[in-house]
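Input: a single structure, listed below in structure tokens.
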Protein chains: 2
Amino acid sequence: MMMPDVYRALGDPTRRRIVSMLKQGSKTQKEIVEAFDISQPAIKKHLTILLEEKIISERLKGKYRIYSLNTNSLQIAYQDMLQYIAELLDDQLVSLKDYVERGEIRDEQD
Amino acid sequence: MMMPDVYRALGDPTRRRIVSMLKQGSKTQKEIVEAFDISQPAIKKHLTILLEEKIISERLKGKYRIYSLNTNSLQIAYQDMLQYIAELLDDQLVSLKDYVERGEIRDEQD
DNA sequence: CCAACATATAACCTAAGGGTTATATAAAAT
DNA sequence: ATTTTATATAACCCTTAGGTTATATGTTGG
């Protein structure tokens with residue numbers, strides 16, 4: 001089991017479309033398949049990846065599989081990214097300091 | 001030339017590590033290479049991709065190439081992703097707004 | 001000038017990603 | 001009980017991504 005990777009999950013345009021679809025509400029696999037031009041197994045693979053990365057969740061209803069957004073994970077992903085940017089900006093101040101201190105004299109390394 | 005895709009740039013863990021390194025300050029290619037277990041050409045490829053997506057920039061200093069974060073672009077990149085996720089979450093984002101306004105996160109710069 | 005160093009580039013390998021078709025399985029409908 | 005429907009799975013193809021080694025190019029120090 002690996003750490004959920006939102007970059008992996010959302011890195012593919014088809015998966016982003018699926019996720020966007022699910023924003024409108026839960027959908028069966030069949031409904032999702034019909035919304036795309038690609039085959040059912042291909043869609044299934046995308047769904048599996050989204051499940052693995054916890055972006056969506058799945059429940060059974062008879063012969064149907066119903067997929068919905070996992071808002072919890074998305075929210076966490078969102079916060080992680082915000083945090084990341086925040087840290088970046090903070091460090092940037094340090095970096096500026098670093099630049100001033102070390103200046104252009106960078107060829108005296110070893 | 002291919003479609004600029006921030007997920008492409010940040011989708012690879014090695015590239016994210018490089019970005020994290022550069023958060024600490026500018027580095028020569030050599031310094032970056034030495035921080036990883038992979039070969040110089042491999043690192044070079046990652047740097048090229050980050051350059052293409054404008055996440056980093058490069059300047060020459062004699063025989064050295066010095067890489068630094070393009071803070072603005074990185075920020076925009078993350079904001080794009082955040083925007084996407086935010087749209088997915090819509091109403092759920094109230095608590096998040098709260099979180100942001102608490103001042104732990106500064107998502108604007110001067 | 002020459003040797004050493006930093007980087008660039010070419011050629012190649014392998015694994016993974018995204019797609020396919022064909023077929024198996026499970027639930028529902030007839 | 002059979003057929004239809006929804007989903008799962010297997011086997012395969014093609015392209016790309018990420019890595020390698022070997023070598024060329026450019027810059028600097030001795």
Side-chain angles (χ1 to χ4, degrees), chain A residues 1-22 25-68 102-110, chain B residues 1-22 25-53 55-68:
Chain A
M1 185 59 103
M2 50 175 61
M3 197 181 67
D5 185 350
V6 64
Y7 301 97
R8 176 186 179 227
L10 300 179
D12 179 83
T14 298
R15 285 197 287 277
R16 289 198 293 272
R17 270 190 64 199
I18 291 176
V19 167
S20 291
M21 260 192 87
L22 294 180
S26 308
K27 300 257 182 297
T28 67
Q29 184 179 309
K30 191 196 176 226
E31 289 174 309
I32 298 169
V33 168
E34 285 170 348
F36 289 81
D37 275 340
I38 60 183
S39 66
Q40 175 261 327
I43 292 291
K44 162 70 173 167
K45 286 184 188 178
H46 286 303
L47 291 171
T48 298
I49 289 172
L50 289 169
L51 282 169
E52 278 173 13
E53 305 303 344
K54 307 264 204 292
I55 299 296
I56 66 176
S57 52
E58 180 190 59
R59 71 178 192 275
L60 268 78
K61 179 83 185 276
K63 64 175 169 181
Y64 295 94
R65 240 129 232 265
I66 304 180
Y67 296 92
S68 47
R102 293 168 74 180
E104 309 286 328
I105 321 158
R106 282 194 58 95
D107 47 354
E108 232 68 50
Q109 288 295 316
D110 18 347
Chain B
M1 182 64 112
M2 50 179 55
M3 186 184 71
D5 185 354
V6 61
Y7 296 99
R8 173 188 177 230
L10 300 175
D12 178 84
T14 299
R15 286 195 287 275
R16 288 198 296 272
R17 269 191 65 201
I18 291 176
V19 167
S20 289
M21 260 193 89
L22 294 180
S26 308
K27 300 259 183 296
T28 67
Q29 184 178 308
K30 187 187 179 241
E31 289 173 311
I32 298 169
V33 168
E34 284 169 350
F36 288 81
D37 274 341
I38 60 183
S39 66
Q40 176 260 327
I43 291 292
K44 161 71 175 166
K45 286 184 187 178
H46 286 302
L47 291 171
T48 299
I49 289 173
L50 289 169
L51 280 169
E52 278 172 13
E53 305 300 341
I55 300 295
I56 65 176
S57 53
E58 180 189 61
R59 70 178 192 276
L60 268 78
K61 179 75 190 186
K63 64 177 169 179
Y64 295 94
R65 242 130 229 264
I66 303 179
Y67 296 91
S68 47

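Reminder, nothing fancy here: chain letters follow the sequence lines and each chain counts from 1.
- In this entry the distance linking CD1 of B:Ile66 with C1' of C:dA6 reads 12 Å, nearest Å.
- Of all nucleotides listed (D:dA8, D:dG18, D:dT20), D:dA8 comes nearest to the side chain of A:Tyr67.
- Atom NZ in A:Lys30 sits roughly 18 Å away from atom P in C:dA27 (whole-Å rounding).
- Partners of A:Tyr7 by side chain to side chain donor-acceptor pair (under 3.5 Å), not counting sequence neighbours, listed by chain and number: B:Tyr78.
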Next on the checklist: Under the criterion side-chain contact (heavy atoms from CB on, under 4.5 Å), I'd like the reasoning laid out for B:His46 against B:Phe36: C-alpha separation, chi angles, the key distance, then a yes or no.
Outcome noted: CA-CA 12 Å; B:His46 286 302; B:Phe36 288 81; over 6 Å; no
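- Remark: P of C:dT7 and CZ of B:Arg59 are 13 Å apart, rounded to the nearest angstrom.
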Checklist entry - Run the side-chain contact (heavy atoms from CB on, under 4.5 Å) check on B:Lys27 and B:Leu22 step by step: do they pass? => result CA-CA 7 Å; B:Lys27 300 259 183 296; B:Leu22 294 180; 3.8 Å; yes
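- In this structure, B:Lys63 places its NZ atom 5 Å from P of C:dA6, rounding to the nearest Å.
- Residues passing the salt bridge (Lys or Arg N to Asp or Glu O under 4.0 Å) test with A:Lys30, sequence neighbours excluded: A:Glu34.
- With sequence neighbours excluded, the residues that form a salt bridge (Lys or Arg N to Asp or Glu O under 4.0 Å) with B:Glu58 are B:Arg65.
- Considering only side-chain N and O atoms, A:Arg15 lies under 4.0 angstrom from the phosphate OP1 or OP2 of C:dG18.
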Pairs under 3.5 Å (N/O, protein and nucleotides 9-14 of chain C):
none

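- Following rounding to the nearest Å, B:Arg8 (CZ) and D:dT16 (C1') show an atom-to-atom distance of 11 Å.
- Residue whose closest nucleotide on DNA chain C sits further toward the 5' end, between B:Gln29 and A:Ser39: B:Gln29.
- Between A:Lys61 atom NZ and D:dT5 atom P the separation is 19 Å, expressed in whole Å.
- Between B:His46 and D:dG19, a side-chain N or O to OP1/OP2 separation shorter than 4.0 Å is present.
- Residue A:Thr14 places at least one side-chain N or O closer than 4.0 Å to OP1 or OP2 of C:dG19.
- Legend: residues meeting side chain to side chain donor-acceptor pair (under 3.5 Å) with A:Ser20, ordered by chain and number and at least two apart, are B:Tyr84.
- Regarding B:Leu47, its CG atom lies at a distance of 10 Å from the P atom of C:dT7, rounded to whole Å.
- Mapping B:Val33 and A:Asp37 onto DNA chain C via the closest heavy atom, the residue that lands nearer the 5' end is B:Val33.
- A:Arg15 meets the salt bridge (Lys or Arg N to Asp or Glu O under 4.0 Å) test with no other residue; sequence neighbours excluded.
- A straight line from CG of B:Asp12 to C1' of D:dG18 spans 8 Å, rounded to a whole angstrom.
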